[in-house]
Amino acid sequence: MDLSKVVKKYDVRGRAGTELTVEVAHALGAAFADHLEAEPIILAHDMRISSPELSRAFAEGAVRRGSVVTFAGLSSTDQLYCASGLREQAGAIFTASHNPAPDNGIKLCRPGARPISRDTGLAEIQKRAERYLEAGTVPEAEGGSVTEQDTLADYIDTMLRLVPLPEGKPLKVVVDAANAMAGHTVPPLAERLDGIEVIGLHFTLDGTFPHHEANPLDPENLRDLQAAVVREGADLGLAFDGDADRCFAVDETGAAISASTITAMIAEREIARARAAGEAAPAIVANLVSSRHVREVVEEAGGRCVRSKVGHSLIKAVMAQENAVFGGEHSAHYYFRDFFFADSGMLAALHVLAALRESGALASSLTAQYAPYSSSGELNSVVDDAHAATAAVQERLAEIAAVQGNELSVDWLDGMTVHCWGEDVPESQRWWLSLRGSNTEPLLRLNVEAAEEGQMQHIRDEVLTAIRAIA
């Protein structure tokens with residue numbers, strides 16, 4: 001048996017019923033229990049059609065190996081992290097996040113919501129599960145059992161304790177749950193938000209995603225939200241992904257607000273809070289694709305910006321190492337020290353609402369100050385030879401810099417990052433980019449940022465031309 005197709009770098013993900021079967025889920029549950037040496041497990045699942053059956057099989061496997069499983073039922077991923085953190089128990093949730101309806105998966109964590117990746121346990125869990133599948137049976141150990149517990153109330157209490165909303169002007173907010181887990185978590189939280197009217201879109205849980213996929217990173221999936229914000233005269237729009245651990249925002253005009261903008265805004269707020277509590281230079285972690293302005297905001301606020309590779313397990317590890325108060329990724333994952341260094345789309349949403357309340361400004365005016373540069377967003381190119389394409393891009397960028405008489409700096413922390421932004425570089429020629437390969441697909445991911453729109457477009461187009469010539 002080979003589970004390498006479904007056991008990824010950070011989680012388990014595959015087509016339900018063919019790749020991620022009941023038998024595979026049972027074996028993975030047993031292997032997870034073995035890895036934890038039969039420690040208690042909190043188990044939950046999302047609204048996908050296959051999730052209840054798969055999660056039951058996982059629970060049966062873990063119980064057979066002696067684990068006490070607390071079954072929490074329907075949960076968002078950050079709800080599961082909250083339960084793991086509050087109870088200091090390992091956790092597992094069946095979800096495929098933003099993937100299409102036929103898929104499913106498992107996100108695993110150690111007690112205290114500490115992440116598990118291929119390098120820190122997933123590879124061992126995979127091998128154990130493969131051995132159980134090859135043997136066709138899981139040996140029974142003593143002590144296993146299943147209990148049930150609802151964790152939603154504790155989750156809502158934790159959200160509002162960590163980001164209490166100040167008094168201020170009434171706000172109207174449209175929330176698109178995409179028929180996914182925000183439809184489970186937002187309504188009970190909204191009941192406790194005084195002066196905030198929440199207009200729900202697609203709140204009915206439906207794992208077939210009848211309106212659109214639960215992937216707000218795709219602009220097509222924001223169209224319902226954008227139209228509703230304008231139609232309702234709302235102050236803000238929020239869109240959550242399938243397991244509601246990521247949150248995207250649009251302003252009162254329907255324009256999308258970038259994740260780097262949200263990162264800079266929350267970083268400033270969290271630094272101010274930490275400094276008020278006596279912390280000299282609170283650390284903020286941002287992955288290397290985040291806007292240059294994130295670092296500028298952090299340093300201006302008296303914080304220390306730490307650069308990270310892309311990937312939630314990686315950024316969580318850096319946050320714990322640096323004791324960082326907050327971390328943000330360009331993919332709209334937001335991590336909080338006070339939330340067990342885990343990510344939460346709901347906490348990010350509450351921060352945006354609190355900032356709007358405190359400023360009294362329009363969302364477009366508030367966020368503009370955190371987004372002074374022009375960005376390409378992430379552009380993906382299919383390539384057979386990523387190394388050859390990267391080398392071609394590096395050569396072309398060196399030619400452009402030579403013509404302009406500018407110096408480039410290059411680093412290889414995660415793919416290739418190139419900076420042309422020194423004090424001696426004219427503002428109209430300042431830019432930087434990240435070019436990195438996908439961990440799971442034959443893709444090169446390009447992000448370009450520049451001080452001016454014209455230069456961003458010029459560098460973007462030159463790089464894409466070089467990549468596609470190789471492809």
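No hydrogens, no waters, no symmetry mates; every other heavy atom, side chains included, goes into these values. This structure is a prediction, so every number in the text was calculated from the model and none was measured.
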Side-chain H-bond candidate by donor/acceptor type, [X] with [Y], under 3.5 Å:
X: H330; Y: R445; result: no
X: D245; Y: S76; result: no
X: E329; Y: N287; result: yes
X: E449; Y: S376; result: no
X: D176; Y: H212; result: yes
X: N104; Y: S50; result: yes
X: D2; Y: S4; result: yes
X: N179; Y: H202; result: no
X: S67; Y: E39; result: no

Set of residues satisfying side-chain contact (heavy atoms from CB on, under 4.5 Å) with respect to E37, sequence neighbours excluded: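 Counting only residues at least two positions away or on another chain, E37 forms no side-chain contact (heavy atoms from CB on, under 4.5 Å).
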State whether [X] and [Y] are salt-bridged, where the test is any N-O pair (Lys NZ or Arg NE/NH1/NH2 against Asp/Glu carboxylate O) under 4.0 Å.
X: E60; Y: R56; result: no
X: E279; Y: R337; result: yes
X: D241; Y: R246; result: yes
X: E378; Y: R436; result: yes
X: E124; Y: R128; result: yes
X: K9; Y: D119; result: no
X: K127; Y: D34; result: no
X: R48; Y: D103; result: no

How about F340 and L86: do any of their side-chain heavy atoms sit closer than 4.5 Å?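 They are in side-chain contact.
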With a 4.5 Å cut-off on side-chain heavy atoms, are S75 and I93 touching?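 They are in side-chain contact.
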Would a line drawn from the ring center of F94 to the ring center of F58 be shorter than 6.0 Å?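 Between F94 and F58, the centre distance is under 6.0 Å.
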Could you check whether H351 and F336 have their ring centres less than 6.0 Å apart?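 For F336 and H351, the ring centres are under 6.0 Å apart.
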Given 3.5 Å as the limit, does a donor-acceptor pair link the side chain of T367 with the main chain of A363, or not?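 A pair under 3.5 Å: yes.
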Any chance you could lay out the ring-ring contact (aromatic ring centres under 6.0 Å, His included) test for Y373 and W432, step after step, and finish with the verdict? CA-CA 11 Å; Y373 304 131; W432 73 273; 9.8 Å; no
Row check, Y81 ring normal vs K316 NZ/CZ: under 6.0 Å, within 45°: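 Yes, cation above the ring, under 6.0 Å and within 45°.
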Which atom pairs, one a donor and one an acceptor, fall under 3.5 Å between side chains of residues 157-167 and the rest of the protein, sequence neighbours left out?
from : atom 1 : to   : atom 2 : distance (Å)
D157 : OD1    : R192 : NH1    : 2.7
D157 : OD1    : R192 : NH2    : 3.3
T158 : OG1    : D154 : O      : 2.8

For H26 and Y132, what are the C-alpha separation, side-chain angles and deciding distance, and is it a ring-ring contact (aromatic ring centres under 6.0 Å, His included)? CA-CA 9 Å; H26 186 270; Y132 286 138; 8.5 Å; no
From the options T185, D150, D78, select the one residue that forms a side-chain hydrogen bond (donor to acceptor under 3.5 Å, both in side chains) with Y155.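 For Y155, the side-chain hydrogen bond (donor to acceptor under 3.5 Å, both in side chains) check succeeds only for D78.
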